[in-house]
Amino acid sequence: MQVVIVESPAKAKTINKYLGPGYEVIASYGHVRDLPSKDGSVDPDADFHMLWEVDPKAQKRLNEIATAVKGADALILATDPDREGEAISWHVLEVLRQKKAIKHQKVERVVFNAITKQAVLDAMKAPRAIDVALVDAYLARRALDYLVGFTLSPVLWRKLPGARSAGRVQSVALRLVCDREREIETFVPKEYWSIVARLATPRADEFEARLVGADGKKITRLSVGTADEAKAFRAALDSAQFRVRSVEAKPVKRHPQPPFTTSTLQQEASRKLGLAPARTMQIAQRLYEGVDLGGETVGLITYMRTDGVDMAPEAISATRSAIGKQFGPRYLPGVPRKYTVKAKNAQEAHEAIRPTDPGRLPKEVARHLDAEQARLYELIWTRTIASQMESAELERTTADIEAKAGARTLDLSATGTVVKFDGFLTLYREGKDDEDEDEEGRRLPAMSAGEGLDKREIQTAQHFTEPPPRYSEASLVKRMEELGIGRPSTYAAVLAVLRDREYVKLEKKRLVAEDKGRLVTAFLESFFKRYVEYDFTADLEEKLDEISAAQIDWKQVLRDFWKDFHAAIGATKELRVSQVLDALDEMLTAHIFPPREDGSDPRLCPTCGNGRLSLKMGKFGAFIGCSNYPECRHTQPLTGDGSPEGDGKRVLGLDPESGDEVTVRVGRFGTYLQLGEAKDGEKPKRSSLPKGLAAADVDLDTALKLLALPREVGKHPDDGEPILASIGRYGPYVQHGRTYANLENGDDVLNIGLNRAVTLIAEKQTKGRGPRNAAPAGRTLGDHPTLGGPITVRAGRFGPYVNHGKVNATLPKSTDPEALTLADAVALIDAKAASAPAKAPRKTATKAAGTKSTSAKSTGTKTKAAAKTTAKAEGDDGEAAPAKKTAAKKAPAKATTGKTATKAASAEKAPAKKTGKAASAE
């Protein structure tokens, strides 16, 4: 018997079928060991000795693997063909050696780029040893990420309240977003004018020509800068005589793009399918691991984490065969196309991402896939096929026009492009992040040199230059790859971390830097500039690649890095908060204090009239305060958005019924509305703002409607009971009896109609969320592989979770419940069961929660406890969650103590989805 180790159970099941009897394929469920979240996991004083800890949820699986290996003739490590896959094989082998399960058995490593029977059988014929250089590169990367995250994040917590974490790649990616924001803020628009003549040939065929020169001087896009200049050119053209000076037609070829790499797949899926990089990789993983096609489980695409653009000869041959069958010989080039990697720091030379069988058409496999899988497979298939198709043939025509206006000669130009043969364009066109004017398809009428032209109209238009656009997820991934920052296989995780940390947000498919992210970047640029420089990060990636090629010693890279980095950390120990604030205030001036339209000083305090506004730091983060504090208590949010001003509120007007002031205010949990003030111990009525409604957009009428919630939408047609709409702790909702249904994107709590409300209520009840005490049925993923019994994914009051018997495990924020696999669910269930604490007596727990000493202890140890979780505070894999979890656990104890609890309970209502966990993280 030979034991084969792979990562996932789906992969194990498929490969077991291919290998047949004599093999036992077991899944490790990904990584089995990691650096524990405590000081000393990487010890620079012991030549970077790394202390590994077996994941509790992996312990049982490792025992099963060890038992199987002890009775086996050979151990075959068949994890993924990249650094991470090599590392998993190494970890498994190390654990088995510690368990003394490896004795006489032969140990081999095999890799395959696709999960097909032929690929797996071929790999089994070509075993090798574990690649030590790849493992060293993994160790160096993991140690660097640990040292940066574990060492730098606590500095942020001490010097910059509200900051969450810093990381080797995460912080540089964040800087890209923040630098673009700074470019936009400091951009000064420039006026320019375009002048276009609409002309006609002697045959009355019309076309447009643009002014490009005058009196022997070239006119560029920005040359005409005022209305007076534009009027002068227009007057000259109105009186001019036009003729064709020359016509030139040039053949142009457009070549197809290479097949997908990890990076380009993420970019195109974002542009064409609207998928986030993390979601793209989840779907690609399922296509790679295998899909049941009428009784046969087969991988549909090759391995999806790759920098390579080449394809195996047999794959190229199959692709060319598919082109000949589908499109005919005219679309097949004479020789196969060969592509080379252009990206900086390209990693191991794996194949590009392609279909395992190009003859498997998207329309044929679509019925075996869900909608997203089908769309992504079609995208990969079309890009692969197009990459081997004939080039498109175009004809680009340029006509130079002469305009004589008295003694003046003005030059105009008209261009047009016509597709003569579409070639690969018949199947595929690459998307663009920022669409430019495309002349493709604009045809010029027939004309010849010397022909006179009639003037139809002269058009002038005013324009202003625009700042560079914010990054989309696709364009940020592209920029990171161009600069050599991080590895394409980690980009999805890095972007997810930035959003989870609330450093950036996604608005209209563009990444916008949040205030928290701007502060962190400004702090790092001020005091750790070298470590967020693009070149430094890219150079470090190059060294990691050199390690993987066995060119340099991995520990020497760590020694060189740690020497300077440790000194930089030490230099911040004596750094005062006032110094930090001064540096951030100066760097973020354009963001915090943008110029006012009336030209007045943006730093002048509007309350006292003579104080200076500057950046201040509070318990919950940064804000703007007056230099005359405490005499002047003016405060305002970091950026002006029409929310509170002066004493922290903005008056909208008076309530016509009570005569009380209606105000917009900022509280601990964000912006909210308030009617009047507290009277006779009675709290005033308050309402949080619905998601998507900015404080600046709130007027008196909207505020009164929100404060009047809940409102009756109408009577339910089944029982005549009222359906109410309101805003609760978790956002806007509709209610019918004991059924509560959250509103979806596009629904307005103030305007939702009866039909829509009835639909939401019905959908909620269908999902099993009718009466509150009714357990949701959920979607069954399968039976637990070791314990038996069904595992289901369900929608809970506090978010989606997985259930097995009496064990419930909440899904991570970044996990899509629809994409959750049985393997992922088993890992969550096992981890939850292993970490479940013994129940404490109720009396003791209540007493502890109510004492000040407990709260003080909790508060005092928060930073220390959180620091112990920073071992994962920034890996390229985005594993920074533990720090957040630790902080979240500490917050409730503090929030239930004495006056703090009373004050918190009487404070303004928390906005939607603002749980204790979220509040504590601010």
Side-chain angles (χ1 to χ4, degrees), residues 30-55 58 83-84 86-88 90-91 94 134-157 163-174 485-487 489-490 493-494 496-497 500-501 520 524 528 530-532 536-537 540-541 543-544 547-548 553-570 572 863-887:
H31 274 284
V32 297
R33 295 196 307 181
D34 201 359
L35 298 170
S37 302
K38 63 181 181 180
D39 196 7
S41 294
V42 178
D43 189 355
D45 297 330
D47 200 21
F48 302 96
H49 173 73
M50 303 174 76
L51 177 65
W52 298 103
E53 183 178 77
V54 173
D55 190 327
R83 285 179 187 161
E84 290 299 309
E86 207 73 20
I88 292 172
W90 176 78
H91 277 300
E94 288 293 299
L134 280 183
V135 174
D136 287 347
Y138 159 79
L139 294 174
R141 181 182 296 275
R142 192 67 192 91
L144 284 170
D145 293 336
Y146 175 92
L147 291 171
V148 173
F150 188 87
T151 312
L152 190 52
S153 293
V155 175
L156 279 177
W157 302 335
R164 302 285 290 281
S165 70
R168 185 177 62 85
V169 175
Q170 165 198 322
S171 298
V172 183
L174 177 60
I485 297 170
R487 289 263 61 89
S489 60
T490 66
V494 170
V497 167
D500 289 345
R501 296 287 177 276
V520 169
L524 295 176
F528 295 92
R530 182 187 179 199
Y531 301 98
V532 289
F536 176 81
T537 307
L540 201 53
E541 289 294 338
K543 290 180 181 178
L544 291 169
I547 294 171
S548 67
D553 177 47
W554 69 281
K555 286 194 175 181
Q556 188 57 50
V557 172
L558 294 180
R559 293 183 198 109
D560 295 341
F561 171 83
W562 180 250
K563 179 181 177 182
D564 295 334
F565 183 69
H566 184 60
I569 293 291
T572 64
T863 302
K864 182 178 179 181
K868 289 186 178 181
T869 67
T870 325
K872 297 181 181 178
E874 192 43 44
D876 278 354
D877 299 321
E879 295 181 312
K884 178 177 178 182
K885 291 178 180 175
T886 303

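Computed from heavy atoms alone, side chains included, the values below leave out hydrogens, waters and symmetry copies. Fair warning: this is a prediction, and the values are worked out from it, not measured in the lab.
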Contacts of type side-chain hydrogen bond (donor to acceptor under 3.5 Å, both in side chains), residue Asp553, not counting sequence neighbours: none
Phe48 vs Leu147 side-chain heavy atoms within contact, under 4.5 Å: yes
Mutual orientation of the aromatic rings belonging to Tyr138 and Trp52 [parallel < 30°, tilted 30-60°, perpendicular > 60°]: parallel
Side chain proximity check, Val32 to Ile88, heavy atoms < 4.5 angstrom: no
Non-hydrogen side-chain atoms of Leu558 and Val42 separated by less than 4.5 Å: no
For Ser41 against Pro36, the heavy-atom pair lying closest together: OG-O, 2.6 Å
Salt bridge flag under 4.0 Å for residues Glu541 and Arg168: yes
Any Leu524 side-chain heavy atom under 4.5 Å of Leu174 side chain: no
Parallel, tilted or perpendicular: rings of Trp562 and Phe565 (30°, 60°): tilted
Val169 vs Ile485 side-chain heavy atoms within contact, under 4.5 Å: yes
Cation-pi, Trp90 ring and Arg33 (6.0 angstrom, 45 degrees): yes
Pairing of Lys555 and Asp136 as salt bridge, 4.0 angstrom limit: no
4.5 Å side-chain heavy-atom contact, Phe561 and Val148: yes
Separation between OG1 of Thr151 and OH of Tyr146, rounded to the nearest 0.5 Å: 7.5 Å
Euclidean distance, Asp145 CG relative to Arg142 CZ, rounded to 0.5 Å: 6.5 Å
Qualifying residues under side-chain hydrogen bond (donor to acceptor under 3.5 Å, both in side chains), relative to Arg559, sequence neighbours excluded: Asp47, Gln556
Ring pair (Phe, Tyr, Trp, His ring centres under 6.0 Å) involving Phe528 - partner list, sequence neighbours excluded: none
Salt bridge flag under 4.0 Å for residues Asp564 and Arg530: yes
Smallest separation among heavy atoms of Leu139 and Met50, with atom names: O-CE, 3.7 Å
Leu51 versus Leu35, closest heavy-atom pair with distance: O-CD2, 3.6 Å
Close side-chain approach of Ser548 and Arg83, heavy atoms under 4.5 Å: yes
Between CG on residue Leu144 and NZ on residue Lys543, distance to nearest 0.5 Å: 10.0 Å
